[in-house]
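Working notes, structure below.
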Amino acid sequence: MTKPQILQMGPYPEWDQVPLEARFTVHRYDLAADKSALLAGIGGAVRGIATRGELGASAELIAACPGLEVICVYGVGYDAVNLDACRARGIRVTNTPDVLTKDVADLGVAMMLTLSRGMIGAESWVRDGSWATKGLYPLKRRVWGKRAGVLGLGRIGYEVARRLAGFDLEISYSDTSAKDFAPGKWAFVADPVALASQVDFLFVTLAASTATRHIVGEKVIEALGREGMLINISRASNIDEDALLAALENRTLGSAALDVFEGEPHLNPRFLALDNVLLQPHHASGTIETRKAMGQLMRDNLSAHFAGRDLLTPVL
Ligand code: 8YV
């Protein structure tokens with residue numbers, strides 16, 4: 001039987017690449033020097049796209065593949081896939097929810113602890129000899145007993161809040177409505193500005209869409225204030241990055257721990273000049289265990305589609 005032809009948008013680990021190529025004829029968009037020439041040559045034969053959360057599939061790419069049936073995302077976020085173009089042509093879309101939830105939540109909490117306790121600077125203090133030459137490391141800020149806000153109490157937000165409760169933080173959250181699965185102790189605050197004004201740490205855990213673009217804008221940032229910390233493990237588009245940079249530079253916002261950036265991996269160099277940020281390379285789901293599960297789920301969705309079975313985790 002001939003193998004279905006798929007277009008691959010970005011790299012996967014060897015343990016995913018080998019089984020992917022065993023089941024499909026894979027065209028590497030990411031490795032093609034001349035991407036237009038690749039699409040002109042094989043676009044008509046492509047039936048599936050294997051992509052990554054941050055790469056998605058644009059309207060132009062979808063248009064260049066007239067026989068496209070399915071787009072499978074290696075990631076829970078599908079904001080970079082042009083869903084309107086998919087809907088218009090009945091193209092199915094899948095993602096990889098659940099398997100990454102706890103790792104993403106772990107990294108968010110780890111970022112809060114690392115930045116609040118100054119662990120990056122403390123490590124350098126030991127390595128560069130400052131401990132012996134300059135003495136004691138400057139004192140940092142406590143985490144337990146403080147107030148945390150979770151913006152978006154979905155799967156990841158819930159796991160973040162559960163972890164924070166374990167660290168003895170008071171929890172409040174914003175979402176489109178109060179969630180009945182949330183423990184009574186977690187306060188629902190509908191307005192993100194009001195939420196930010198009541199907390200020390202604000203976690204952004206919203207699925208990104210046009211509706212959530214810049215939901216964390218000047219007002220939310222100002223409300224979080226000089227002592228506040230913003231932690232983003234969702235998508236850069238949820239935050240007005242210009243407003244964030246200005247507030248961090250003039251210290252009207254205390255600090256920020258960020259795993260995602262506009263234009264990543266080419267982030268705004270203004271971030272690099274700041275000492276009140278913790279910067280991570282979009283790797284909240286980046287553990288071997290979770291990435292293996294994401295790769296498996298993405299392939300299982302592709303296989304299900306081409307075998308005429310129900311998709312495991314459909315978005316569309
Ligand atoms: C991945 C992500 O880093 O799940 C998502 O939406 O952004 C991350 O888990 C990414 O999709 C892998 O490319």
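Counting convention: from 1, in listed order, for ligands and their atoms alike. Residue numbers count from 1 along this sequence.
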Identity and separation of the nearest protein heavy atom to atom 7 (O) of ligand 1: H282 NE2, 2.7 Å
So that I can tick it off, tell me whether D275 and R251 are bridged by a salt bridge, with the cut-off set at under 4.0 angstrom between side-chain N and carboxylate O. yes
Just grab all the salt bridge (Lys or Arg N to Asp or Glu O under 4.0 Å) pairs involving residues 299-316, residues at least two apart or on different chains. D16-R299
Heavy atom of the protein closest to atom 11 (O) of ligand 1 (residue, atom name, distance): Y74 O, 2.8 Å
Side chain of N238, backbone of L206: donor and acceptor closer than 3.5 Å? yes
Are any of the heavy atoms in H283 under 4.0 Å away from ligand 1? no
Among all the protein's non-hydrogen atoms, which is closest to atom 9 (O) of ligand 1, and how far away is it? S285 OG, 2.7 Å
Is the distance between the ring centroids of W144 and F167 under 6.0 Å? no
How close does the nearest protein non-hydrogen atom get to atom 4 (O) of ligand 1, and which residue and atom is it? V76 N, 2.7 Å
Under 4.0 Å from a heavy atom of E54: give me the atoms of ligand 1 that qualify, with their elements. 10 (C), 11 (O), 12 (C), 13 (O)
State the atoms of ligand 1, each with its element, that fall below the 4.0 Å cut-off from a heavy-atom position in G77. 4 (O), 5 (C), 6 (O)
Can you confirm whether F271 sits close enough to L258 that some side-chain heavy atom of one is under 4.5 Å from a side-chain heavy atom of the other? yes
Are Y158 and W186 close enough that their ring centers fall under 6.0 Å? yes
Contact atoms of ligand 1, heavy-atom distance to L100 under 4.0 Å: 4 (O), 9 (O)
Please state which part of N95 comes within less than 4.0 Å of ligand 1, counting heavy atoms only: side chain, backbone, both or neither. neither
Please enumerate all residues that pass side-chain hydrogen bond (donor to acceptor under 3.5 Å, both in side chains) together with Q280, with sequence neighbours excluded. H283
Go through ligand 1 atom by atom and flag the ones less than 4.0 Å from a non-hydrogen atom of R235. 2 (C), 5 (C), 6 (O), 7 (O)
Please say which of N276, L202, L245, L248 ends up in a side chain to side chain contact (heavy atoms under 4.5 Å, CB included) with L253. L248
Quick test: of every protein heavy atom, which one is nearest to atom 3 (O) of ligand 1, and how far off is it to 0.1 Å? R291 NH2, 3.1 Å
